[in-house]
2 protein chains.
Amino acid sequence: MDIRSFLAHTFLFHSFTDKETDLLTASTSLKKVSKGEQIFSEGLEATAFFIVVSGKVKIYKLSPDGKEYTLHIHGPGEPVAEAAIFDSMTYPASCTALEDATLVRISREGFLDLIKKYPELSLKIMSGYSKRLRQFVAKIEELTVKDMKSRLARYLLENSVVENGKTVCHLTHSKKELSSLLGTIPETFSRTLAFFKQQKLVTENDNTIVIPDPKKLKLFSD
Amino acid sequence: MDIRSFLAHTFLFHSFTDKETDLLTASTSLKKVSKGEQIFSEGLEATAFFIVVSGKVKIYKLSPDGKEYTLHIHGPGEPVAEAAIFDSMTYPASCTALEDATLVRISREGFLDLIKKYPELSLKIMSGYSKRLRQFVAKIEELTVKDMKSRLARYLLENSVVENGKTVCHLTHSKKELSSLLGTIPETFSRTLAFFKQQKLVTENDNTIVIPDPKKLKLFSD
DNA sequence: GAATGTCCTTGACGTAAGTCAAGAGGCGTG
DNA sequence: CACGCCTCTTGACTTACGTCAAGGACATTC
């Protein structure tokens with residue numbers, strides 16, 4: 001596994017020069033985790049941040065009564081907890097592996113030394129940073145649209161691709177995970193998808209949703 | 001109005017040296033807006049960001065059917081749209097003045113020139129940046145806790161202060177604004193507050209909520 | 001092959017909260 | 001003062017969605 005070339009292709013560092021990437025790589029290590037394993041916990045000192053190489057991890061918070069709220073699911077290429085590195089000290093949420101996963105660990109200390117030494121990196125990183133902010137804005141927008149039909153329709157359309165002239169959405173998460181991502185529970189998710197099927201707005205086989213008429217489905221995504 | 005000393009006290013720049021603050025001030029100007037006036041609109045080129053000096057502005061997005069969703073209300077001292085500056089180009093949301101307001105305008109160009117020239121500023125700014133991220137996380141957490149009693153109880157407790165041995169919460173926004181901030185409508189807000197009053201958990205006069213027993217109210221904030 | 005477990009689906013039910021509608025109180029303007 | 005306008009409140013109604021419960025499909029293990 002070549003950490004260096006992997007980092008060069010992440011959106012956070014893709015504009016780094018070769019030399020810059022080399023220097024960054026020096027502060028990294030590989031971390032392999034098994035399904036369900038804790039990667040970091042809310043409140044602990046943030047000694048490093050991560051980028052997912054393979055597998056999936058979820059960022060979540062626990063409410064006082066122990067319920068779990070998924071904030072994000074991160075897959076390959078996505079940085080995790082980089083925000084905590086510039087911060088005073090601690091992770092703002094917890095993270096576990098949804099499946100066996102490999103991550104690049106980037107040490108806080110090495111990272112901070114690097115951008116102190118090569119300040120031009122900051123702008124490149126800031127730009128990546130602000131992209132993350134946009135994601136949060138989108139997430140908030142998503143949650144504020146409270147109707148499940150809207151949220152699901154929007155999700156399907158945003159994650160669809162055209163294949164052989166057909167608009168399809170490959171479900172890359174389990175439906176249970178998807179439910180959590182969309183801010184609901186499996187039952188409601190299932191019912192909403194069933195509604196779309198019954199209305200002939202979508203058909204499903206083998207975890208792929210076919211959308212015969214995207215414009216029709218779009219009517220629900222308001 | 002002394003922009004320079006104002007900037008020196010904002011959380012984004014408070015760790016700047018005097019000289020740094022002077023340089024920053026050179027790229028700024030004052031902007032006065034009347035209630036309801038547009039400050040910037042979603043999608044437009046981001047030529048500047050702002051810091052609120054006085055008054056209040058709201059950041060919002062419009063859904064396709066024209067409904068307005070408040071993302072934030074920013075008061076004195078808070079930066080607005082700084083995220084857009086590092087970004088490709090455009091404002092991710094719109095902003096209007098909730099009341100007559102004064103803002104410091106910081107030009108994109110001048111700002112970027114400055115941190116290129118004095119790169120050590122980046123770290124200081126990044127730290128401020130990540131604080132904003134935390135706010136978004138908190139907002140998401142807030143929205144994901146879907147019960148209004150919880151959200152209102154939490155809001156009251158988080159914004160309460162102890163005065164003369166009493167725990168009180170001064171409502172600094174109108175109840176209509178508060179509703180939007182808490183992700184609901186005035187009717188529901190009113191009913192929920194009425195419920196708390198009826199349960200003797202709070203009393204209200206003159207836009208100040210008195211919380212006789214915070215622990216009791218806290219039971220609702222889960 | 002029976003048993004156990006997980007994921008997904010479907011049904012019945014309850015409830016929080018949005019919609020619609022009406023009215024009270026405050027405030028500024030003609 | 002009367003009138004319109006806005007904020008806030010309250011009531012009646014409706015609905016989306018979460019909870020509880022049951023059952024089917026499928027894989028894994030003994």
Side-chain angles (χ1 to χ4, degrees), chain A residues 35-36 56 58 63 65-70 73 98-100 142-155 171-199 202-209 220-222, chain B residues 34-36 56 58 63 65-70 73 96 98-100 142-155 171-199 202-209 220-222:
Chain A
K35 176 176 177 175
K56 271 182 264 179
K58 81 173 160 191
S63 64
D65 63 349
K67 271 186 194 163
E68 196 176 286
Y69 296 109
T70 300
I73 292 178
L98 272 177
E99 48 192 61
D100 292 356
E142 184 98 12
L143 287 171
T144 313
V145 177
K146 63 313 98 154
D147 184 271
M148 258 315 294
K149 291 192 186 94
S150 310
R151 298 219 290 277
L152 180 55
R154 183 179 300 200
Y155 178 88
L171 302 183
T172 53
H173 306 295
S174 78
K175 294 185 177 172
K176 198 179 163 192
E177 288 169 28
L178 259 181
S179 311
S180 185
L181 253 187
L182 291 173
T184 188
I185 56 173
E187 291 96 318
T188 299
F189 176 89
S190 182
R191 276 188 261 264
T192 309
L193 189 57
F195 170 81
F196 283 158
K197 284 178 195 166
Q198 185 246 314
Q199 297 279 313
V202 304
T203 58
E204 173 184 17
N205 48 19
D206 200 23
N207 266 340
T208 295
I209 305 290
F220 283 89
S221 68
D222 57 351
Chain B
S34 308
K35 176 177 176 174
K56 269 182 268 181
K58 80 172 159 191
S63 64
D65 63 349
K67 271 187 195 162
E68 196 176 287
Y69 296 108
T70 301
I73 293 178
T96 64
L98 272 178
E99 49 192 61
D100 292 357
E142 186 97 13
L143 287 170
T144 314
V145 178
K146 65 309 100 160
D147 185 271
M148 260 314 294
K149 291 192 187 97
S150 309
R151 299 219 290 276
L152 180 55
R154 185 180 298 200
Y155 178 87
L171 303 182
T172 51
H173 308 294
S174 78
K175 294 184 179 175
K176 198 180 165 195
E177 290 169 26
L178 259 180
S179 312
S180 185
L181 254 187
L182 291 172
T184 188
I185 56 175
E187 291 96 317
T188 300
F189 176 89
S190 182
R191 276 188 260 266
T192 309
L193 189 57
F195 170 81
F196 283 157
K197 284 178 194 165
Q198 186 245 314
Q199 298 279 312
V202 304
T203 57
E204 174 184 18
N205 47 18
D206 200 24
N207 266 340
T208 295
I209 305 291
F220 283 89
S221 69
D222 57 352

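Since the model is a prediction, treat every value here as computed from it, not as a measurement. Numbers restart at 1 for each chain; the letters A, B, ... are given by sequence-line order, proteins then strands.
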Q. Does B:Leu182 reach the side chain of B:Thr192, with side-chain heavy atoms less than 4.5 Å apart?
A. no
Q | Side-chain-base donor-acceptor pair under 3.5 Å for B:Arg191 and C:dT15 | A | no
Q) B:Leu182 has an atom CG; how far is it from atom P of C:dA16, in whole Å? A) 18 Å
Q. Are any non-hydrogen side-chain atoms of B:Phe196 and B:Ile209 less than 4.5 angstrom apart?
A. no
Q. In whole angstrom, what separates B:Leu152's CG from C:dA16's P?
A. 15 Å
Q) A:Ser190 side chain: which of C:dT19, C:dT10, D:dT19 is closest? A) C:dT10
Q) Choosing from C:dT9, D:dG18, C:dA17, which nucleotide comes nearest the side chain of B:Met148? A) C:dA17
Q. Rounding to a whole Å, what distance do you find between A:Asp206:CG and C:dC8:P?
A. 13 Å
Q | Interatomic distance, A:Ile185 CD1 vs D:dC20 C1' [rounded to whole Å] | A | 10 Å
Q. Would you say C:dC7 has OP1 or OP2 under 4.0 Å from some side-chain N or O of A:Lys175?
A. no
Q: Take atom NZ of A:Lys176 and atom C1' of C:dT6, then tell me their distance rounded to the nearest Å.
A: 8 Å
Q. Starting at CZ of A:Phe195 and ending at P of C:dT9, how long is that distance when rounded to a whole Å?
A. 16 Å
(Q) Please check this pair: side chain of B:Ser34 against backbone of B:Asp100, looking for a donor-acceptor N/O pair closer than 3.5 Å. (A) no
Q: Whole angstrom is fine here: how far is it from CG in A:Asp147 over to P in C:dT19?
A: 11 Å
Q: Using a heavy-atom cut-off of under 4.0 Å over every strand shown, decide if B:Thr192 touches base, sugar-phosphate, or nothing.
A: nothing
(Q) For a quick test of reading the model: is some side-chain N or O of A:Thr184 closer than 4.0 Å to OP1 or OP2 of D:dG18? (A) yes
Q.
What is the separation between atom CD on B:Glu187 and atom P on D:dC13, rounded to the nearest whole Å?
A. 17 Å
Q.
Test your reading of the model: is there a side-chain donor-acceptor pair from A:Asp147 to the backbone of A:Lys149, 3.5 Å cut-off?
A. yes
(Q) Just so I know, are the side chains of A:Thr184 and A:Leu152 near enough to count as touching, which here means a heavy-atom distance under 4.5 Å? (A) no
